[in-house]
Amino acid sequence: MKFLEEIQKSIQGALRSLGFIEEEPGIILEKPRLKSHGDISTPIAMSLAKKLKKKPLDVAEKIVAAATFSKDIVASVEVAEPGFINLTLSPKILAENLLEILSRKGRYGSSELGRGEKFQVEYVSANPTGPLVLVSARAAAVGSTIVNLLNFIGYDAESEYYVNDHGSQIQALGESLRYRWREHSGMLAPDEEIGAYPGEYLKAIAEKIPAEKALEWEAEEDPLEKFGAFATGELLEQIKKDLDVFGIKFDSFYFESSLYPEWVERSEGIIENKAFAYEKDGATYFKSSQLGDEKDRVLRKSDGNPTYLLGDIAYHLTKLERGYKKIVDIWGPDHHGHMPRMKAAAVVLGAPQDWLEVDIVGWVRLIEGGVPVGMSKRAAKFISLRDLVEEVGSDVAKYFFLMRRANSPLDFDLDLARKQSDENPVYYVQYAHARISSVLKFAEGKGCEWDPKIANLGLLDSGAERALMVHLAFFPQVVEGAAITREPHRLAVYAQELAGLFHQFYQDHKIVSDDEAVASARLLLAEATMRVLRNTLELMGISAPSSM
RNA sequence: GACCCCGUAGCUCAACUGGAUAGAGCACCGGCCUUCUAAGCCGGAUGUUGCAGGUUCAAGUCCUGCCGGGGUCGCCA
């Protein structure tokens, strides 16, 4: 990372001395696709050529002539048609980077970029009205990885689960649980309806209700609320357990019910004071259309009850007052229509324009035998997170969720995920890690030593060795990019490439060579690779096995 | 109908802030284990990036229109 900044500075210095820039532009450095184009390339000359009214190639030549690159970092510089500047890294910087990996271990790739800024990522937040379904599982994998990434680059990021334990859906849940309880107790009326949640899972919960409790609730004025609260509590416990098995931990759970009435009333007051509210047909409306929404939204229904939106606004007011500098909400695809009104509300609450970021996780379809498996929370049959983890294991499930862009729809190939074989992409990466671990153990058994202080890393000069070192050197940049764009799939892509480069290296070279100097250099390279593979997997919450 | 997402190899997907000859995996064919893990490696075939325009030195990526798939559009959450 540091060497990339050095290179940027060198180029900027050249641009300044040539008088090409008034303000300093970001210098784009990228990894060329072709080996013949070096390790790093920049198209800066081409983007400047137009403003300067000069030929891109000439601009590039001038920049190269004016720039002074440290010999310790850049081995050679070339200008290529139609105006690229291509740099090749020096063996020295690659070796230094290897040493950095080995000394920083699990912290390699981390930085202070975020300066400890308070960040909150909210995800999953599924209603406690049933077991977690696959979209939630995907959101869990994506959200937790984003939190890990943000903390890794120096933000103070926390994860939170918003529990919708309030409102009409909970009443409906209470109705269904009451049905199950009456069914269980043989008290069912002949024409009684099961309500909105016919799933089998409420049966087990109904059986846990002590008879005297249920009778007590029945006698109260709002029995459905009591049944609903009981169901919510039980289901939330199950959700927590499922998340735990999946390896997902939240820093906090925030209950919607705790927002009533204070936070809700305060939020409403702020909106009213800023004249963004009005009355119509006995309901209170939010003038969200003035702030980019399609139309105005109801805050308080004509029956006096707040809407889900008002509750969510109140929830975001707590986020604002809890001091988060930036909020990321990760929502399911069914919520994207909610986005403009919530963003509008955040502005009215006094948040900066870009304070609230909403990222949408795409749908998950489970494919088995080439056909989609039907699923819906309200249908009797569905595939839950628990089913999935039992079926394929959490490493596989997470990897499948993380290997694609989060916002695009995902077809989860259950048959492929189930296979404990080379067809399954997860094992490709984990195998590389296990393989290195095993080689290191073998070398240790043979009495080999690989001390970074005395090794001659200059011996790592083959194509495969170099390619591996270069890729390792780009890890910090990949981490930063993945964190800032909230695209954790980049980690999976990176890990896949790194594993591939290692496997090639392994094939081409005997690591535990008879030549001791060569052996120790290669062992160091192998160990550094193992560290970075592990870092990548850990960020994704996936285990890095030492044997397979 | 309005709005949002998606459309890349037979299938599932990558392509970093617009960059050079669009890449992996799976599936298919052929090679490689008396040496550190063959869940691996090497080689082979596969493309009008949905279609049509536009912007520019450069477009899978940005803009417009169209086609196809999915989603949202409630005083539900």
What is the pairing partner of [N], taking Watson-Crick or G-U wobble pairs with both distances under 3.5 Å in any strand?
N: U21(B); value: none
N: A27(B); value: none
N: A15(B); value: none
N: C3(B); value: G71(B)
N: A9(B); value: none
N: U35(B); value: none
N: A58(B); value: none
N: A52(B); value: U64(B)

Between the side chains of [X] and [Y], is a donor N or O closer than 3.5 angstrom to an acceptor N or O?
X: H338(A); Y: D312(A); answer: yes
X: Q496(A); Y: Y399(A); answer: yes
X: D296(A); Y: S289(A); answer: yes
X: N164(A); Y: Q169(A); answer: no

With R300(A) as partner, the option from E268(A), E265(A), E272(A) fulfilling salt bridge (charged side-chain N to carboxylate O under 4.0 Å, His left out) is E268(A)

Classify the nucleic acid contact of [X] as base, sugar-phosphate or nothing, counting any heavy atom under 4.0 Å across all strands shown.
X: R297(A); answer: nothing
X: H489(A); answer: sugar-phosphate
X: L34(A); answer: base
X: Y285(A); answer: base
X: P333(A); answer: sugar-phosphate
X: T284(A); answer: nothing
X: Y431(A); answer: base
X: Q504(A); answer: sugar-phosphate
X: N407(A); answer: sugar-phosphate
X: D508(A); answer: nothing
X: R405(A); answer: sugar-phosphate
X: A80(A); answer: base
X: H509(A); answer: base
X: A434(A); answer: base

Side-chain N or O of [X] closer than 4.0 Å to phosphate OP1/OP2 of [N]:
X: K295(A); N: G74(B); answer: yes
X: K301(A); N: A77(B); answer: yes
X: R490(A); N: C16(B); answer: no
X: Y399(A); N: C13(B); answer: no

The side chain of [X] is closest to which nucleotide in this list: [options]?
X: Y506(A); options: U37(B), C75(B), G60(B); answer: U37(B)
X: D281(A); options: C75(B), C16(B), U37(B); answer: C75(B)
X: H503(A); options: G60(B), C41(B), U37(B); answer: C41(B)
X: N164(A); options: A77(B), A39(B), U12(B); answer: A77(B)
X: P82(A); options: C3(B), C36(B), G19(B); answer: G19(B)
X: F442(A); options: U37(B), A77(B), C4(B); answer: U37(B)

Atom CG of D334(A) and atom C1' of C73(B) are separated, to the nearest Å, by 13 Å

In whole Å, what separates the [atom1] atom of [N] from that of [M]?
N: C36(B); M: G43(B); atom1: C1'; answer: 25 Å
N: G68(B); M: G60(B); atom1: P; answer: 24 Å
N: C5(B); M: C41(B); atom1: C1'; answer: 39 Å
N: U64(B); M: G23(B); atom1: P; answer: 29 Å
N: G30(B); M: A45(B); atom1: C1'; answer: 12 Å
N: C3(B); M: C11(B); atom1: C1'; answer: 32 Å
N: A38(B); M: G19(B); atom1: P; answer: 38 Å
N: G25(B); M: C42(B); atom1: P; answer: 8 Å

Between the base of [N] and the side chain of [X], is there a donor and acceptor pair under 3.5 angstrom?
X: N86(A); N: A20(B); answer: yes
X: S408(A); N: C5(B); answer: no
X: S41(A); N: A20(B); answer: yes

Out of T145(A), L537(A), T536(A), which one pairs with I542(A) under the side chain to side chain contact (heavy atoms under 4.5 Å, CB included) rule?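 The side chain to side chain contact (heavy atoms under 4.5 Å, CB included) with I542(A) is passed solely by L537(A) among T145(A), L537(A), T536(A).
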
Given salt bridge (charged side-chain N to carboxylate O under 4.0 Å, His left out), test K9(A) with E5(A) step by step and report yes or no.
-> CA-CA 6 Å; K9(A) 272 186 211 158; E5(A) 281 163 17; 5.6 Å; no

Exercise. Is the Y428(A) to Y431(A) ring centre distance short of 6.0 Å?
Worked result: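 Distance test on ring centres: not under 6.0 Å, no.
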
Closest to the 5' end of RNA chain B, once N424(A) and M46(A) are matched to their nearest nucleotides, is M46(A)

**Message:** By nearest heavy atom, map Q507(A) and K31(A) onto RNA chain B; which one lands nearer the 5' end?
**Reply:**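 Mapping each residue to its closest nucleotide by heavy atoms, the 5'-most match is K31(A).
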
> Stacking here means centres under 5.5 Å and planes under 30°; does F84(A) stack on A20(B)?
Replying inline: yes

Can you check whether H37(A) stacks with the A20(B) base, using ring centres under 5.5 Å and planes within 30°?
yes

Q. Looking at the angle O4'-C1'-N9-C4 for a purine or O4'-C1'-N1-C2 for a pyrimidine, is C11(B) syn or anti, with syn meaning within 90° of 0?
A.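 Anti, angle beyond 90° from zero.
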
ask   = Only one of Y260(A), W263(A), F255(A) forms a ring-ring contact (aromatic ring centres under 6.0 Å, His included) with H166(A), so which one is it?
value =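 For H166(A), the ring-ring contact (aromatic ring centres under 6.0 Å, His included) test succeeds with only one of Y260(A), W263(A), F255(A), which is Y260(A).
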
Does R341(A) make a cation-pi contact with F286(A) (under 6.0 Å, within 45 degrees of the axis)?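 Output no; distance or angle outside limits.
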
